[in-house]
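Here the structure is laid out as structure tokens; the discussion comes afterwards.
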Amino acid sequence: MLDIRLVRESPDVIRRDLAKRNAPEKAKLLDDVIRWDADWRKALAEADRLRRRRNEITRDIADAKKAGKSTEKLRKEAATLPKEIDALDAKTDELAEKVRGGLLRLPNLLHESVPVGKDDTENVEVARWGTPRRVDFELKSHSDLLEALRLADFDRARKIAGAGFVYLLGDLVRLDQALLAFALNYMVKQGFTAVFPPFMMRRDAYEGVVDLGDFETVMYKIDGEDLFLIATSEHPMGAMYMDEIIDEADLPIALAGLSTQFRREIGGHGVDTKGFFRMHQFNKIEQFVFCRPEDSWTWHEKLRANGEAIYRALEIPYRVVNVCTGDIGTVAAKKYDIEGWFPRQNAYREVISCSNCTDYQARRLNTRAGKVGGEKFFPHTLNSTAMATSRGLVAVLENYQESDGSVGVPKVLRPYMGGQDVIRAPGHH
RNA sequence: GCGGGGAUCGCCUAGCCUGGUAGGGCGCCGGGUUGCUAACCCGGUGCGCUCUGCGCUCGGGGGUUCAAAUCCCCCUCCCCGCGCCA
């Protein structure tokens with residue numbers, strides 16, 4: 001959420017930004033917000049004036065009673081006030097809600113380095129690492145490979161839960177856990193605090209961390225309860241300090257969340273529709289940081305570096321793109337996607353998304369920092385994937401696939417799998 | 001699920017019965033005093049506005065009243081005990 005004071009004082013800064021995003025409907029919304037806010041302030045001042053008069057009368061009545069004088073005249077005047085105040089309150093409430101609703105729909109201010117572009121085809125590559133492996137055999141789709149190795153059962157998962165779910169089996173479960181354990185240990189070594197968050201959140205907390213439309217399209221609701229399954233551990237970590245003042249001495253707070261996550265909308269899959277490139281349920285290690293505003297751009301690079309380091313350690317080629325204005329979404333001021341190499345798709349595909357949300361999330365969550373009794377400020381928040389399995393698993397399965405149908409285990413994961421260096425079909429052990 | 005107890009300006013707490021400017025302690029900030037970074041004294045320490053001023057704020061909503069933290073009704077959340085339970 002943007003600062004209403006910025007909207008009042010520097011609307012042109014916001015307008016320039018919206019032009020970069022090619023978002024004329026938001027520019028119109030901005031004009032509406034400015035008007036609603038002006039009307040709100042006017043109505044509020046009028047209501048306050050009436051309240052002041054009411055308070056004066058109330059005090060006068062108390063004094064008159066003490067002095068034993070008549071209060072008749074004062075009571076008469078007081079009786080007319082509540083109706084007028086109620087009418088103005090209804091107006092101010094309505095306008096305040098419109099202003100807040102408008103602010104929630106206005107996107108964050110972009111960092112100057114965000115490239116202008118219409119969609120993900122115009123993201124700008126800023127780094128590339130590793131050489132895609134060339135193989136002289138046909139790679140199997142990961143779902144065929146897994147079913148041949150009996151490492152996953154999509155059909156039975158579909159039977160009991162529907163499309164978008166899978167039974168991981170045998171060594172694939174261990175590979176999943178190894179990826180998560182490796183990534184979590186890496187994060188802890190970087191000084192991050194491991195977090196295992198609640199997997200469900202109440203609506204009021206959730207409203208602080210997602211767009212309102214996400215309730216309908218992305219999130220699972222628990223029937224009969226005010227609870228939603230988390231779509232990423234970014235959400236419970238972001239909401240952790242909702243309505244609190246963080247002691248500034250505690251900043252930065254760097255968290256590494258481990259959770260399963262649940263998403264209703266899994267969209268199109270491109271090549272290899274069957275499989276777990278996009279799932280209703282998957283696991284992830286997520287980086288999340290609360291920091292001082294002046295430190296957030298350094299942290300943004302650090303989170304990106306962590307993501308790159310993890311994929312380099314796995315020896316999976318990747319590139320990094322600076323996500324353009326048409327693809328960046330509303331919350332981030334700047335976003336890097338790290339795209340792993342998927343040889344079967346012959347393409348780089350997103351495996352990590354790394355955002356600096358500046359003060360946009362914190363303002364909405366009412367998470368402040370400072371000293372009690374002193375200056376307060378909104379901390380900046382950042383989030384980035386460290387390792388999302390499903391996609392991380394697919395990346396390993398495609399990049400480490402051998403012609404005999406076995407899959408090599410990346411060196412850094414072997415300690416987490418009891419030294420095992422290859423995954424084969426049962427019977428080959 | 002049943003019973004009980006709670007929610008007050010960062011934290012702790014008074015006020016509620018008996019309606020009339022929400023008081024104190026801790027912490028923090030600023031100033032004073034002091035041989036001293038201790039103790040002590042003074043002021044400040046939630047949000048909003050058209051900001052010398054005013055308004056709002058006692059978990060949320062409604063009601064009674066000139067006036068509600070206080071009285072009445074509804075709701076939410078938290079804690080304790082019992083029950084169920086991995």
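Atoms considered below: every heavy atom in the structure, side chains included; atoms not considered: hydrogens, waters and symmetry mates. Keep in mind the model is a prediction, meaning the values are calculated, not measured. Here is the naming used below: chain letters follow the sequence lines, and residue numbers restart at 1 for every chain.
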Distance-only donor-acceptor check, side chains Arg344(A) and Gln401(A), under 3.5 Å: no
Cationic N near anionic O, under 4.0 Å, Lys42(A) to Glu46(A): no
N/O donor-acceptor pair under 3.5 Å between Thr325(A) side chain and Gly117(A) backbone: yes
Touch class at under 4.0 angstrom, heavy-atom based, for Arg53(A) against every strand present: nothing
Whole-Å P distance, U13(B) and C79(B): 16 Å
Whole-angstrom distance between U76(B) and G60(B), as gauged at atom P: 15 Å
Contact under 4.0 Å: Arg54(A) side-chain N or O vs C56(B) OP1/OP2: yes
Spacing between Asp204(A) atom CG and C75(B) atom P, to the nearest angstrom: 19 Å
Touch class at under 4.0 angstrom, heavy-atom based, for Ile57(A) against every strand present: nothing
Salt bridge Asp153(A)-Lys159(A), side-chain N to carboxylate O under 4.0 Å: no
P spacing across the pair U8(B) / G55(B), given as an integer number of angstrom: 26 Å
Test: Lys28(A) and Asp31(A) ion pair at under 4.0 Å: no
Nearest-neighbour nucleotide for the Arg5(A) side chain, C47(B), G48(B), C66(B) considered: G48(B)
Distance, C1' atom - from C58(B) to U21(B), rounded to whole angstrom: 15 Å
Closest to side chain of Ile61(A), choosing from G20(B), G10(B), C78(B): G20(B)
Rounded C1' spacing from C17(B) to G3(B) in Å: 25 Å
Lys/Arg-Asp/Glu bridge criterion (N-O < 4.0 Å) met for Arg100(A), Glu97(A): no
Spacing of the C1' atoms in C47(B) and G30(B) (rounded, Å): 22 Å
Which nucleotide in G48(B), C56(B), G20(B) has an atom nearest any side-chain atom of Arg51(A): C56(B)
Those residues that, when tested against Asp37(A), pass salt bridge (charged side-chain N to carboxylate O under 4.0 Å, His left out) (two or more places apart): Arg8(A), Arg41(A)
Sugar-phosphate, base or nothing in reach of Arg49(A), heavy atoms under 4.0 Å: nothing
Secondary-structure string, 5' to 3', Watson-Crick or G-U under 3.5 Å, | for another-strand partners, for RNA chain B: ((((((((.[[[[.)....(..]]]]((((((.......))))))((((...))))..[[[[[..)....]]]]])))))))....
Pair His380(A) and Trp299(A), ring centroids less than 6.0 Å apart: no
Sugar-phosphate only, base, or nothing, as touched by Asn55(A) at under 4.0 Å among non-hydrogen atoms: sugar-phosphate
Sugar-phosphate, base or nothing in reach of Arg368(A), heavy atoms under 4.0 Å: sugar-phosphate
Asp247(A) CG to C26(B) P, straight-line distance once rounded to whole Å: 19 Å
Interatomic distance where CG belongs to Asp243(A) and C1' belongs to G60(B) [whole Å]: 13 Å
Per Arg41(A) side chain, nearest of listed nucleotides G10(B), C78(B), C49(B): C49(B)
Sugar-phosphate only, base, or nothing, as touched by Arg52(A) at under 4.0 Å among non-hydrogen atoms: sugar-phosphate
